[in-house]
Amino acid sequence: MFMNLAQQVRGIDPLLDTFFGFLRRKTDFFTGADDQQAMKKVMEALMKQKKFVDDDKKKAEEKKAKKAKEAAALKAKKEKKEKERLAKEAAKDKDDGVVELGSNGFDLDTVPAAAPAPASTQSPPNPPKTETKEKGDGGEGEGEGGGEGGKDEGEESDGEPPPPGNGGTVEGKYVWTQTLQELSLAVAVPPGTKGRDVNVVIGKSKLKIALKNGPTIVDAPLHKPIIIDDSFWTLEDGCQLQFSLSKSNQMEWWPCVCEGDPKINTQKVQPENSKLADLDGETRQTVEKMMFDQRQKAMGKPTADEQKKIDIMDKFKSQHPEMDFSKAKFT
């Protein structure tokens with residue numbers, strides 16, 4: 001409701017003017033109390049919301065500082081390992097350059113081997129010493145270290161990109177994004193749809209979206225509870241429903257909007273790029289493409305990729321009019 005009002009008046013000053021005009025016309029805010037009491041109430045409400053903003057800013061700064069500290073510790077750890085590796089290589093190179101001398105002062109590798117002693121006086125060679133325990137310990141250590149290293153590397157670089165807008169697409173239903181505070185849903189509906197043609201129920205733990213003379217698009221329990229008073233929906237251009245759902249717990253990421261829908265990996269979310277307006281160009285283009293494809297499918301029209309293939313084939317046909325494509329099948 002407030003979002004629609006803000007879009008209509010287009011500006012914070014007109015919005016405040018409209019709000020206080022409502023209080024003047026419909027309430028006794030100005031007449032039921034003196035000016036000081038009215039100003040006190042306004043300032044209390046203002047400072048209450050400002051405290052929320054300051055708390056969110058403080059938490060964001062603490063999280064940023066924690067990430068920077070962790071990154072610095074990881075960098076220091078890597079530098080330490082690299083120094084240890086270089087020191088070992090330098091020690092090895094130094095050992096390789098040592099020449100072992102015999103008692104006569106000559107290099108043992110260049111002195112001819114002495115003739116063997118007679119069998120009666122030659123003592124059997126001592127068997128080589130084995131260090132089974134130490135080797136086994138070292139092997140286990142290497143195996144464990146290698147296994148852990150491989151696991152960590154796999155977890156950090158599994159190749160999966162972060163979900164666009166920290167949300168995703170539920171095929172045939174909606175495209176969604178999220179921030180820590182709220183969820184945004186885009187639902188494609190037939191062109192020319194009016195508000196009276198839509199049946200929407202936003203509950204604390206359930207969401208229903210249906211067309212009165214059409215199918216039910218969504219009718220399922222929500223993944224987590226929401227704040228009903230701060231949640232709303234609008235109809236844009238007669239072909240798309242936009243939902244804003246305010247989370248009850250505004251310190252967690254949702255893997256899905258409704259139970260039973262495909263889940264995203266919440267470990268991949270990017271807090272700094274949560275809102276569609278704040279996304280980088282490439283990610284925002286991906287989300288907008290998903291929303292466009294959703295609308296196209298709802299209208300029975302080709303998606304962006306399908307339309308691209310059609311355009312390429314039409315161009316090829318125009319360049320080769322001598323060819324017969326009447327029996328050709330394209331996928």
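Sequential numbering from 1 along the given sequence is applied to the chain's residues.
- Inter-residue side-chain proximity for Lys41 and Glu44 is flagged as met; some heavy-atom pair is nearer than 4.5 Å.
- No more than 12 heavy-atom neighbours from other residues, nucleotides or ligands sit within 6.0 angstrom of CD on Gln36.
- Every residue meeting the side chain to side chain contact (heavy atoms under 4.5 Å, CB included) condition with Ile312, not counting sequence neighbours, appears here in chain and number order: Lys308.
- The two residues Leu235 and Gly195 come nearest to each other via the heavy atoms CD2-N, 3.7 Å.
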Working note: Lys309 + Asp305, criterion salt bridge (charged side-chain N to carboxylate O under 4.0 Å, His left out); need CA distance, chi angles, decisive distance, verdict.
CA-CA 6 Å; Lys309 293 179 181 178; Asp305 293 336; over 6 Å; no

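- Side-chain atoms of Lys224 do not come within 3.5 Å of backbone N or O of Trp254 as any donor-acceptor pair.
- Interatomic distance, Phe52 CZ to Gln181 CD, rounded to the nearest 0.5 Å: 12.0 Å.
- Under the side chain to side chain contact (heavy atoms under 4.5 Å, CB included) criterion, Glu306 pairs with Pro302, Thr303, sequence neighbours left out.
- Shortest non-hydrogen contact noted between Lys206 and Ala220 is CG-O, 3.5 Å.
- A side-chain contact (heavy atoms from CB on, under 4.5 Å) with Leu245 holds for exactly one of Asp230, Leu183, Ile227; it is Leu183.
- Considering all non-hydrogen atoms of both residues, Ile202 and Ile228 come closest at O-CG2, 4.0 Å.
- Ser246 contributes atom OG, which lies 9.5 Å from atom CZ of Phe232 (distance to the nearest 0.5 angstrom).
- In terms of hydrophobic clustering, with Ile, Leu, Val, Met, Phe, Trp and Tyr side chains grouped at heavy-atom distances under 4.5 Å, Val201 and Trp233 are assigned to different clusters.
- A salt bridge is absent between Asp311 and Lys315; no separation between the charged side-chain nitrogens and carboxylate oxygens falls under 4.0 Å.
- By the 4.0 Å N-to-carboxylate-O rule, Asp54 lies close enough to Lys50 to be salt-bridged with it.
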Stepwise, does the side chain to side chain contact (heavy atoms under 4.5 Å, CB included) test hold for Lys57 with Glu61?
CA-CA 6 Å; Lys57 184 177 179 181; Glu61 291 176 350; 3.5 Å; yes

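- Side-chain atoms of Glu62 and Lys66, non-hydrogen and from C-beta on, never get closer than 4.5 Å to each other.
- Between Glu82 and Arg85 there is a salt bridge, since at least one side-chain N of the basic residue sits less than 4.0 Å from a carboxylate O of the acidic one.
- Residues Phe20 and Met43 do not share a hydrophobic cluster, defined by chaining ILVMFWY side chains whose heavy atoms lie under 4.5 Å apart.
- For the salt bridge (charged side-chain N to carboxylate O under 4.0 Å, His left out) criterion with Asp55, the lone passing option out of Lys51, Lys59, Lys58 is Lys51.
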Test side chain to side chain contact (heavy atoms under 4.5 Å, CB included) on Val218 and Val257 and set out the steps.
CA-CA 11 Å; Val218 178; Val257 178; over 6 Å; no

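- Here the CG-CD distance, from Asp314 to Gln319, works out to 11.5 Å after rounding to the nearest 0.5 Å.
- For the residue pair Cys256 and Pro262, the shortest heavy atom distance occurs at CB-O, 3.6 Å.
- Although no hydrogens or angles enter the test, the distance criterion places no donor-acceptor pair under 3.5 Å between the side chain of Glu70 and the main chain of Lys67.
- Note: Ser231 OG to Leu207 CG = 9.5 Å, rounded to the nearest 0.5 Å.
- Within the model, atoms CG of Leu222 and CG of Asp261 stand 10.0 Å from one another, a figure rounded to the nearest 0.5 Å.
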If you apply the rule side chain to side chain contact (heavy atoms under 4.5 Å, CB included), what do you find for Glu322 with His320, and how did you get there?
CA-CA 5 Å; Glu322 73 281 359; His320 300 277; 3.4 Å; yes

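- Using a 4.5 Å cut-off on side-chain heavy atoms (C-beta onward), Leu211 and Pro190 make contact.
- Pairing each heavy atom of Ile217 with each of Gly172, the nearest pair is CG2-O, 4.4 Å.
- Taking every heavy atom of both residues into account, Glu252 and Lys247 meet most closely at O-NZ, 3.1 Å.
- In this structure, Gln250 CD and Leu180 CG are separated by 8.5 Å, a value rounded to the nearest 0.5 Å.
- Counting heavy atoms from C-beta outward, Ile209 and Thr216 have side chains that stay 4.5 Å or more apart.
- Judged by distance alone, the side chain of Thr177 and the main-chain N or O of Asn166 form no donor-acceptor pair under 3.5 Å.
- The closest donor-acceptor contact from the side chain of Asp237 to the backbone of Cys239 lies at 3.5 Å or more, if one exists at all.
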Would you please test Leu241 and Thr234 for side chain to side chain contact (heavy atoms under 4.5 Å, CB included) and show each step?
CA-CA 6 Å; Leu241 298 174; Thr234 59; over 6 Å; no

